[in-house]
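Below is one structure, written out as structure tokens; comments come after it.
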Protein chains: 2
Amino acid sequence: MTTQMKPPLDAELRSFVGYRLKRAMNVFSSDLAITLRPFDLRMITFSTLSSVVSNPGIRQSQLAETLAVERPNLVSIVDELANRDLIERKRDDADRRAFGLFATEAGTALFQDATRAVMQHETQILSALSEQDIETLTALLARIEQAK
Amino acid sequence: MTTQMKPPLDAELRSFVGYRLKRAMNVFSSDLAITLRPFDLRMITFSTLSSVVSNPGIRQSQLAETLAVERPNLVSIVDELANRDLIERKRDDADRRAFGLFATEAGTALFQDATRAVMQHETQILSALSEQDIETLTALLARIEQAK
DNA sequence: CGACATGGTTATGCAAAATAACTATTTTGT
DNA sequence: ACAAAATAGTTATTTTGCATAACCATGTCG
């Protein structure tokens with residue numbers, strides 16, 4: 001007698017790439033949240049910190065644009081990081097409406113530690129994929145993103 | 001003079017697959033939401049309807065498990081579809097705690113129309129990818145999902 | 001100078017997602 | 001057979017993410 005494998009209840013949905021994308025994303029992000037918890041960071045605060053570390057002096061409006069976050073929502077995110085002295089708002093003398101954002105030493109250090117953890121997380125969750133697979137995946141995702 | 005391409009402000013983040021995944025997912029899902037609007041369906045109600053059409057008699061608890069939705073949150077989703085007479089709750093005589101869910105004729109019809117639209121949407125948003133690419137992507141996403 | 005645009009903020013609303021606690025029914029263990 | 005535990009569904013509540021409108025301060029342009 002052959003082993004009869006009954007199809008999952010979402011078999012039809014699995015024919016949609018969008019559904020697969022969402023499922024993979026859920027696994028990935030809930031797992032990543034756990035990785036970031038020890039640093040008291042969420043995905044969005046990690047992303048924000050990353051962009052500030054890599055782009056000293058970046059403005060909130062640029063950040064909002066970059067991370068696809070509404071400006072009003074970015075305020076509390078920046079507040080949170082600033083209150084923890086991980087980043088600083090410095091008034092821009094040339095345009096006194098704007099702030100330049102800068103990571104503090106503590107912010108840079110935390111970011112480096114968190115980055116190591118995130119990289120470890122990625123290699124762990126992607127352990128079933130080869131380097132080549134990951135490049136392929138990245139390229140395919142980029143093409144979807146550009147399809148906008 | 002060579003054209004100088006300055007790196008995007010999220011260049012570092014783009015080295016993370018998780019970030020790419022999220023960005024691609026955002027494009028995909030906000031676009032899909034527009035596709036579903038004419039049918040007055042959201043991603044989750046479409047998914048629910050799909051599972052009910054494909055699995056007549058499925059229970060809410062199975063549905064919640066399948067779609068990775070908390071049971072309490074599924075109640076209002078099922079309510080919504082039931083109020084629109086797209087699905088029906090029928091008491092299970094064998095286990096009178098449970099309901100079996102069934103799509104009505106109208107529900108099945110709407111689902112078929114919506115499915116056509118979603119399939120069209122997918123071919124459109126994935127138009128830059130070959131059949132082979134899509135299969136590859138699907139397989140890679142499945143492996144991430146299983147990495148749980 | 002006055003009109004308009006831009007950077008940041010506040011307030012607010014809405015929907016998604018999670019948790020606790022409850023009723024009704026079924027299953028389990030002795 | 002019966003008490004205890006488990007399961008199906010529900011209600012109520014909270015938290016969070018995401019979006020919009022309206023506002024202040026500053027800068028730009030006619």
Side-chain angles (χ1 to χ4, degrees), chain A residues 9 22-23 25-34 36-37 40-48 51-52 55 57-83 87-102, chain B residues 9 22-23 25-34 36-37 40-48 51-52 55 57-83 87-102:
Chain A
L9 298 174
K22 184 166 196 322
R23 297 299 294 237
M25 179 65 207
N26 279 354
V27 168
F28 208 110
S29 72
S30 64
D31 207 65
L32 179 56
I34 294 169
L36 288 174
R37 191 155 314 147
D40 225 321
L41 291 173
R42 293 168 292 146
M43 272 173 59
I44 185 61
T45 49
F46 174 77
S47 299
T48 301
S51 298
V52 173
N55 304 281
I58 190 175
R59 294 178 179 190
Q60 290 183 210
S61 49
Q62 290 178 297
L63 209 40
E65 169 82 11
T66 302
L67 300 177
V69 171
E70 296 301 318
R71 254 113 39 185
N73 295 330
L74 191 64
V75 174
S76 62
I77 295 165
V78 170
D79 280 348
E80 182 181 329
L81 294 173
N83 288 336
I87 66 176
E88 282 182 308
R89 280 188 249 239
K90 290 191 185 162
R91 270 252 112 92
D92 182 334
D93 287 328
D95 183 345
R96 301 187 29 74
R97 289 170 303 185
F99 294 106
L101 300 177
F102 297 86
Chain B
L9 297 174
K22 184 168 196 321
R23 296 298 294 239
M25 179 66 205
N26 279 354
V27 168
F28 208 109
S29 72
S30 65
D31 207 66
L32 179 56
I34 294 170
L36 288 174
R37 189 153 315 147
D40 225 321
L41 292 172
R42 292 168 292 145
M43 272 172 60
I44 186 59
T45 49
F46 174 76
S47 298
T48 301
S51 297
V52 173
N55 304 280
I58 190 175
R59 294 177 179 190
Q60 289 182 210
S61 48
Q62 292 178 296
L63 208 41
E65 169 82 11
T66 301
L67 300 177
V69 171
E70 295 302 318
R71 255 111 40 181
N73 295 329
L74 191 65
V75 174
S76 61
I77 295 165
V78 169
D79 279 350
E80 182 181 329
L81 294 173
N83 288 338
I87 66 176
E88 280 181 310
R89 278 188 252 240
K90 290 190 185 161
R91 268 268 173 245
D92 183 335
D93 287 328
D95 182 346
R96 300 185 29 72
R97 291 169 302 183
F99 294 106
L101 300 178
F102 297 87

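Letters A, B, ... mirror the listed sequences (proteins, then strands); counts begin at 1. Keep in mind the model is a prediction, meaning the values are calculated, not measured.
Summarising the geometry, the separation between CE on A:Met43 and P on D:dT16 is reported as 16 Å, rounded to the nearest angstrom. With rounding to whole Å, B:Glu70 atom CD is found 14 Å from D:dA8 atom P. Look at CD on B:Gln60: it is 9 Å from C1' on D:dT10, rounded to the nearest Å. Rounded to a whole Å, the CD atom of B:Gln62 is 8 Å from the P atom of D:dA8. In this structure, B:Phe99 places its CZ atom 19 Å from P of D:dT7, rounding to the nearest Å.
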*Verify side-chain contact (heavy atoms from CB on, under 4.5 Å) between A:Arg89 and A:Leu101, making sure each step is shown before the conclusion.*
CA-CA 5 Å; A:Arg89 280 188 249 239; A:Leu101 300 177; 3.5 Å; yes
*Show your reasoning for whether side-chain contact (heavy atoms from CB on, under 4.5 Å) applies to B:Asp95 and B:Arg59.*
CA-CA 11 Å; B:Asp95 182 346; B:Arg59 294 177 179 190; 3.7 Å; yes
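Counting non-hydrogen atoms of other residues, nucleotides and ligands closer than 6.0 Å to CZ of A:Arg91 gives a total above 12.
If you take CG on A:Asp92 and CZ on A:Phe99, they are separated by 10.5 Å, rounding to the nearest 0.5 Å. Taken to the nearest 0.5 Å, the CD1 atom of B:Ile58 stands 5.5 Å off from the OG atom of B:Ser51. A distance of 7.0 Å separates OG1 of B:Thr45 from CG of B:Leu36, quoted to the nearest 0.5 Å. Summarising the geometry, atom OG1 belonging to B:Thr48 is positioned 5.0 Å from atom CD1 belonging to B:Ile77; distances are rounded to the nearest 0.5 Å.
Across all strands, B:Arg91 comes closer than 4.0 Å to no nucleic acid atom at all (heavy-atom distances).
Bounding nucleotides for the chain B contact on DNA chain C, 5' to 3', at a heavy-atom distance below 4.0 Å, are C:dA16 to C:dT26.
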Listing time: all N or O pairs from protein to nucleotides 27-30 of chain D that are below 3.5 Å?
{"residue": "D:dG27", "atom": "OP1", "partner": "A:Arg96", "partner atom": "N", "Å": "2.8"}

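Positionally, the nearest nucleotide of DNA chain D for B:Ser61 lies more toward the 5' end than for the other of A:Arg71 and B:Ser61. Remark on DNA chain C: of its neighbouring residues A:Asn26 and A:Ala98, the 5'-side contact belongs to A:Ala98, judged by nearest-heavy-atom nucleotide.
Closest of all the heavy-atom pairs between B:Glu80 and B:Asp40 is OE2-O, 4.4 Å.
Two residues are said to be in side-chain contact when any heavy atoms from C-beta on lie closer than 4.5 Å; A:Leu41 and A:Leu81 meet this criterion.
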